[in-house]
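Here the structure is laid out as structure tokens; the discussion comes afterwards.
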Protein chains: 2
Amino acid sequence: MKSAAPEKPASERIAQILETEILSGVIEPGTRIRQEEVADRLGSSRLPVREALRMLAASGLVQLETNRGARIPHLDKCEVDVLYRMRERLEPLALSESMPHTTVEMFDELEEIQSEIESGVNVSGFLELDRRFHLLTYSKCPTEDLRNSVARLWNSTAHYRRAFMNEGGPHRQWIVNAEHRLIVDAMQRFDGKDGERYLVGHIRRTRKELAAHPELFIEDSQK
Amino acid sequence: MKSAAPEKPASERIAQILETEILSGVIEPGTRIRQEEVADRLGSSRLPVREALRMLAASGLVQLETNRGARIPHLDKCEVDVLYRMRERLEPLALSESMPHTTVEMFDELEEIQSEIESGVNVSGFLELDRRFHLLTYSKCPTEDLRNSVARLWNSTAHYRRAFMNEGGPHRQWIVNAEHRLIVDAMQRFDGKDGERYLVGHIRRTRKELAAHPELFIEDSQK
DNA sequence: TAGTGCGATAATGGATCCAAAATGGCGAGA
DNA sequence: TCTCGCCATTTTGGATCCATTATCGCACTA
């Protein structure tokens with residue numbers, strides 16, 4: 001019997017810290033991540049940092065170029081649009097796959113998250129809770145690849161949601177709340193069709209809002 | 001001016017070799033991959049092997065467990081079914097995104113591949129050419145994430161296609177040929193709707209064929 | 001004889017050191 | 001003064017060595 005710590009692997013710990021920093025916007029797109037800087041900032045060798053960067057690359061959070069290090073990718077308007085179209089196709093599938101395995105504890109946690117959102121939060125708080133809400137609705141999907149794919153799409157587009165919300169999006173937050181309620185309701189009724197419909201509408205609306213704000217992206221003429 | 005070799009990075013070389021071995025079936029699902037074995041088989045240290053395994057994990061070819069190494073995942077019937085449903089949703093998007101950027105050289109290469117398939121090949125040859133055909137039709141899709149996602153789905157399911165073809169699937173090869181021709185035709189007419197329709201039908205038929213052969217999978221009662 | 005617990009062995013995770021490639025600055029020449 | 005090219009510095013890729021953890025066999029006990 002070992003009551004001691006479960007001895008977390010160290011490269012995962014670094015990956016988790018970097019993920020938080022990237023998703024929270026502390027590290028912005030275009031920034032180059034230097035292995036040595038991260039290494040002695042988090043008190044380890046460069047080797048676990050390299051492994052962590054590989055994990056983050058698999059999660060869609062950084063981009064690796066040979067001999068040129070890792071940097072957070074700049075996406076143009078078209079790429080974000082396609083990533084949202086991928087979400088429109090994959091997340092309904094994840095939802096319907098997750099739906100048969102829902103538990104009452106999951107609905108309690110969803111309710112808790114949603115209440116916290118509606119109690120009024122700032123932009124960072126909303127983005128974090130919104131992410132937790134949706135990924136939780138997919139969490140019972142038995143196919144790990146599908147869950148990972150969905151999470152990767154959320155990661156890749158996180159910065160642009162943040163930029164949009166910071167510019168003037170938060171006034172539409174009440175729409176999001178209504179849509180969240182509709183999704184939970186459909187899940188509780190085990191109504192896959194309704195769930196898919198509300199979810200697709202939810203994602204599509206955000207996609208179109210982003211497309212209507214080209215100032216959030218860098219110039220598309222990089223060809 | 002450097003006429004010398006472009007100096008390929010070494011971990012990529014290892015990843016490529018392992019990918020070939022896995023896709024060709026030399027290494028079967030469930031097999032544990034030992035870092036040291038690969039290292040001195042390919043003449044390098046264990047470190048590039050570790051990085052290569054990370055890449056393969058991102059490509060969906062291996063599964064990494066902390067302190068327990070890398071092994072090729074065993075998928076059950078339900079997981080493969082969901083992976084095929086993901087393909088049905090993502091690949092039509094990849095095709096329509098690729099369609100506006102097609103070139104005459106691409107159609108020449110497609111024709112070359114298809115001719116080789118129709119000239120009669122064995123199972124391994126067919127699987128390799130079929131893979132090249134479809135991934136080539138998506139190759140002009142500008143969104144790298146979408147191309148990678150599609151490739152990952154192909155990788156994860158490759159072994160089960162092989163098992164199916166080896167058991168008695170090849171007699172339906174003429175259907176595949178007809179479907180390939182229909183897809184190329186739709187692409188040349190720039191008919192996105194037709195392309196999506198033929199492609200979805202193509203994938204769905206294979207999914208149902210696999211579902212009708214439960215003997216290809218290990219027992220699903222692993223819960 | 002079967003089951004459990006301990007110990008030897010082998011494999012993975014991590015640290016340090018070295019080599020190769022890219023980045024940036026400086027100077028020479030037009 | 002502007003441009004091109006060379007060299008120093010920085011940064012990443014790779015090799016070797018050490019620590020930690022899992023795996024497997026064997027002995028001991030009930």
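The chains referred to below are lettered A, B, ... by the order of the sequence lines, with proteins before strands, and numbering in each begins at 1. Here the structure is a predicted model, which means the values were calculated and not measured.
- Taking the nucleotide of DNA chain C with the nearest heavy atom to each of A:Asn67 and B:Glu65, the more 5' of the two is matched to B:Glu65.
- For the pair B:Arg87/B:Trp154, a side-chain contact is recorded, criterion being any heavy-atom separation below 4.5 Å from C-beta on.
- Rounded to an integer number of Å, the gap from A:Arg54 CZ to C:dG13 P is 15 Å.
- A donor atom on one side chain and an acceptor atom on the other are found under 3.5 Å apart for A:Thr66 and B:Glu12.
- C:dA15 atom P lies 12 Å from atom CG of A:Asp40, rounded to whole Å.
- Nearest to the side-chain atoms of A:Arg32 among the listed nucleotides C:dT12, D:dT11, D:dG14 stands D:dT11.
- Contact check, A:Gln35 against D:dG13: a side-chain N or O comes under 4.0 Å of OP1 or OP2.
- Summarising the geometry, the separation between CG on B:Leu47 and P on C:dT16 is reported as 15 Å, rounded to the nearest angstrom.
- Backbone-only contact: A:Ile33 has heavy atoms under 4.0 Å from sugar-phosphate atoms and none from a base.
- Listed candidates were C:dT12, C:dT23, D:dG14. Nearest to the side chain of A:Arg68 is C:dT23.
- Between A:Ile33 and A:Glu21 there is no side-chain heavy-atom pair separated by less than 4.5 Å.
- Across all non-hydrogen atoms, the minimal contact from A:Arg152 to A:Ala58 is CD-O, 3.1 Å.
- Spacing between atom CD of A:Glu51 and atom C1' of D:dG13 amounts to 13 Å, rounded to whole angstrom units.
- No hydrogens or angles were tested; on distance alone, nothing pairs the side chain of B:Arg46 with the base of C:dG14 as donor and acceptor under 3.5 Å.
- Minimum interatomic distance between A:Val200 and A:Pro92 (heavy atoms only, all atoms of both residues): CG2-CG, 3.5 Å.
- Remark: C1' of C:dA10 and CD of B:Glu36 are 9 Å apart, rounded to the nearest angstrom.
- In this structure, B:Leu64 places its CG atom 11 Å from C1' of C:dT12, rounding to the nearest Å.
- Counting to the nearest Å, the C1' atom of D:dT11 and the CZ atom of A:Arg71 are 13 Å from each other.
- Each of A:Thr66 and A:Ser44 has a nearest nucleotide on DNA chain C; the 5'-most of these lies closest to A:Ser44.
- For B:Arg50 against D:dG14, a side-chain-to-base donor-acceptor contact under 3.5 Å is absent.
- C:dA21 atom C1' lies 17 Å from atom NZ of B:Lys8, rounded to whole Å.
- The B:Ser45 side chain lies nearest to D:dT16 when the options are C:dG14, D:dT16, C:dA15.
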